[in-house]
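Remarks on the structure that follows.
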Amino acid sequence: MLAAIVFYVFSAILVASAAMVIVARNPVHSVLFLILCFFNAAGLFVLMGAEFLAMILVVVYVGAVAVLFLFVVMMLDVDFVKLREGFARYLPVGAAVGLVLAAELVFVLAPWAFSASVPEAISMPIPDPGEIHNTKALGLVLYTDYAYLFQAAGLVLLVAMVGAIVLTLRDREGVKRQSIARQVARTRGEGVETVSVKSREGVDV
Amino acid sequence: MTDLYFSAALPELLLAFSGLALLMLGVFMGPSSTRLVSWLAVAVLLAASVLALTPEASRTTAFSGLFVADPFASFAKVLAFLATAATILMGLEFNRREGFDRFEYPVLMIFAALGMSMMVSANDLMSLYMGLELQSLSLYVLAAFRRDSVKATEAGLKYFVLGALSSGLYLYGASLIYGFSGTTNFETLAASMIDQAGAVPLGAMFGIVFVSAALAFKISAAPFHMWTPDVYEGAPTPVTAFFAAAPKVAAIALFARVLVEPFGPLAKDWQQIIVFIAIASMLIGAFAAIAQTNIKRLMAYSSIGHIGYALVGLSAGDETGVRGVLVYMAIYLAMNLTAFAAILCMKREGKMVETISDLAGLARTQPLVAAALAIAMFSMAGIPPLAGFFGKLYVFLAAVSAGLYPLAVIGVLASVVSAYYYLRIVKIMYFDAPVGAGFDRGLDAGPAAVLGVGAAFTLLFFAWPAPLVGAASVAAAALFGG
């Protein structure tokens, strides 16, 4: 009973804030609603007993992705009113496409059948939560059975990083950079000049 | 946990480690290291193809069944590595002249080649996706590599957005298949599909359709080809040559593996999809190319058409068909690299030109380049005794022996139409008056070498086809025997 109430509260807020993400006028509000959305989805995961996914959702999506969005929205001078132009005009077409897709989904999922061989074929059966908590269960296979995928994901991220640097890093002229070697090699003679000042004349700096 | 069998993945390990090492080398040596890194990258790719050539005698799975090494994968890997090495060579001078010779270029090429090799060796829907993403991500960056050019940036962005969409389609399809069968492993999937032969549940079928659509996007088959002309035109020419060569071979080999291994029992169901895609690609490639004035756009449509012909072999769905696909792709590589090497020679007063009319009178100003390009064009049009004719012969034979007569007839008709624009290029080179003094003299070494080797292969393939066809037969047999 209590679980049902919590479920409906989380889902209702989730759906409502998801809608607000796309209709809010102010992009900063959109991102804040997105964060609310992630928190409620994390709550739903906890209800299903997937606490690891819930924490990952909060750490990765709220902590990194949403904050990055917020930075982009606030730092870049994007004219969101202009981007939204024609929103009302394209709405009917977009809504129609969405409806067709939703209908097709129902059409596929309603008569859903599992293959007869699922019990033998299933690659990683979900372990009994009473025996092993799911963070540990994931850890047991992630670095052993799926080490290949783990390493491949690392390479994909490396390529993404190389790509971002290649496409954006520029050597600019006239940028002051710190050179520790030069700082350390500095002598007193370079930095200090002794001037004897005559009374009432001052110095030219 | 089962044995990892690192030895099955030697080419991949070599590529991954040398990619990292070359990246470090480039970072520490600074911008002057581009030449060195490029040559080392070529050496690494050649070494990797030698490693791929000596696979385990039979099919070996590694990394808990995520990875498979077999003669089929080796064949595709050797082709992809050689094509990557050739395109690095072709780009050396071009990139320097155009001012974007950065050491990341060969490094990204190596990672793209690694992605391709992981794709063709995938034995699981997940490892397939990781390979696909590694390759695609490198390609997106390469497309936008000339970052000061608006066209290149647009090409990179367009490719990225549409590529991300197709990855989404793939993941959706893969999750439907997983939801149906409870596994992502190709062997177990095939077993669970056999149980269903006869009445395929809607969910699994939708999954296959989504996966096929995503892979069709990656090989730029119609009707998922819209990005190809823009990306090919916008990207720097050596990158375009790369796009049209190595990733195509890897993606089509992957497509063949996915259709034959896990979904083999459903051949009757996917065959109609492939037949449709093949016909659409051949027709689009034949008709849309006629009106092009830019040679890179023309090559884009031509590559769409060639993918259509290769898919004719795949739609036969048997061993002869897959052998035809492999032979076709090997020959396609040679013709295509030759054509792009010739395009890289299209330089007038230090500036690259790209329109077809610029080729006018090439036969008088640079007879050797004209001859090589003419060989590539005749071969692409499928005129005997050049290699392209045999490529088409093998796929059409497979289609006919599988009883797909209408498909073969449409294919032959489409290749007649496409002969028009291939021959038009030959006509412009040999019979039109040259504009001005023609192209600059002095070919760069890279394109010249590729031009010579490619043209010689295309011209002389008929004399000694046995090694290539034999290797393709072994590879195709491995796919069906496993």
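No experiment lies behind these values; they were computed from the predicted model shown. In what follows, every heavy atom counts, from backbone to side chain, and hydrogens, waters and symmetry copies are set aside. Chain A is the first sequence line, chain B the second, and so forth, proteins listed ahead of strands; every chain is numbered from 1.
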Would you say [atom1] of [X] has more than 12 non-hydrogen atoms from neighbouring residues, nucleotides or ligands within 6.0 angstrom?
X        : atom1 : answer
B:Met29  : CE    : yes
A:Leu91  : CG    : yes
A:Arg170 : CZ    : yes

task: Considering only heavy atoms, give the residues of residues 148-165 of chain A separated from chain B by less than 4.5 Å, sorted numerically, with 'none' for an empty result.
output: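 Within residues 148-165 of chain A, the residues that come under 4.5 Å of chain B (heavy atoms only) are A:Tyr148, A:Leu149, A:Ala152, A:Ala153, A:Leu155, A:Val156, A:Leu158, A:Val159, A:Ala160, A:Val162, A:Gly163, A:Ile165.
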State, to 0.1 Å, how close [X] and [Y] come at their nearest heavy-atom pair, and which atoms those are.
X        : Y        : answer
B:Leu266 : B:Met193 : CD1-SD, 3.6 Å
B:Phe242 : B:Pro247 : O-CD, 2.9 Å
B:Val44  : B:Leu14  : O-CD2, 3.8 Å
B:Arg102 : A:Val166 : NH1-O, 3.3 Å
A:Ala54  : A:Phe45  : CB-CB, 3.8 Å

message: Only pairs of heavy atoms separated by less than 4.5 Å count here; which of A:Leu109, A:Val108, A:Leu167, A:Val141 has the most with chain B?
response: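 Heavy-atom pairs under 4.5 Å are most numerous for A:Leu167.
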- prompt: Which region of B:Phe100, side chain (C-beta onward) or backbone (N, CA, C, O), has a non-hydrogen atom less than 4.5 Å from a non-hydrogen atom of chain A, or is it both or neither?
  reply: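 No part of B:Phe100 comes within 4.5 Å of chain A.
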field: Part of B:Leu23 lying under 4.5 Å from any heavy atom of chain A
entry: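 Side chain of B:Leu23 only, per the 4.5 Å heavy-atom cut-off to chain A.
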query: Heavy atoms under 4.5 Å from chain A: which residues of residues 136-152 of chain B carry them?
result: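 Within residues 136-152 of chain B, the residues under 4.5 Å from chain A are B:Leu137, B:Ser138, B:Val141, B:Ala144, B:Phe145, B:Arg147, B:Asp148.
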- request: May I ask you to list the residues in residues 160-169 of chain B that approach chain A closer than 4.5 angstrom, counting heavy atoms only, ordered by number?
  value: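 The residues closer than 4.5 Å to chain A amount to none at all.
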From B:Tyr129, B:Tyr178, B:Phe210, B:Phe206, residue fulfilling ring-ring contact (aromatic ring centres under 6.0 Å, His included) relative to B:Tyr172: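 Testing B:Tyr172 for a ring-ring contact (aromatic ring centres under 6.0 Å, His included) against B:Tyr129, B:Tyr178, B:Phe210, B:Phe206 leaves exactly one candidate, B:Phe210.
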message: If I measure from the heavy atoms of chain B, does A:Leu140 come under 4.5 Å with its side chain, its backbone, both, or neither?
response: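 Answer is neither: A:Leu140 stays 4.5 Å or more from chain B.
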Just wondering, do [Y] and [X] contact through their side chains at under 4.5 Å, heavy atoms?
X        : Y        : result
B:Leu176 : B:Phe180 : no
B:Val211 : B:Tyr170 : yes
B:Tyr105 : B:Pro238 : yes
A:Leu101 : A:Glu104 : yes

query: What do you reckon, are the aromatic ring centroids of B:Phe63 and A:Tyr146 less than 6.0 Å apart?
result: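 When the ring centroids of B:Phe63 and A:Tyr146 are compared, they turn out to be at least 6.0 Å apart.
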message: Applying side chain to side chain contact (heavy atoms under 4.5 Å, CB included), can you list everything that pairs with A:Glu131, at least two apart in sequence or on another chain?
response: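 Testing A:Glu131 for side chain to side chain contact (heavy atoms under 4.5 Å, CB included), a comparison that skips the adjacent residues, returns A:Asp128.
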- prompt: With chain A, which of B:Met205, B:Glu104, B:Glu133, B:Gln135 has the greatest number of heavy-atom pairs at distances under 4.5 Å?
  reply: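 Of the candidates given, the most pairs with chain A belong to B:Glu104.
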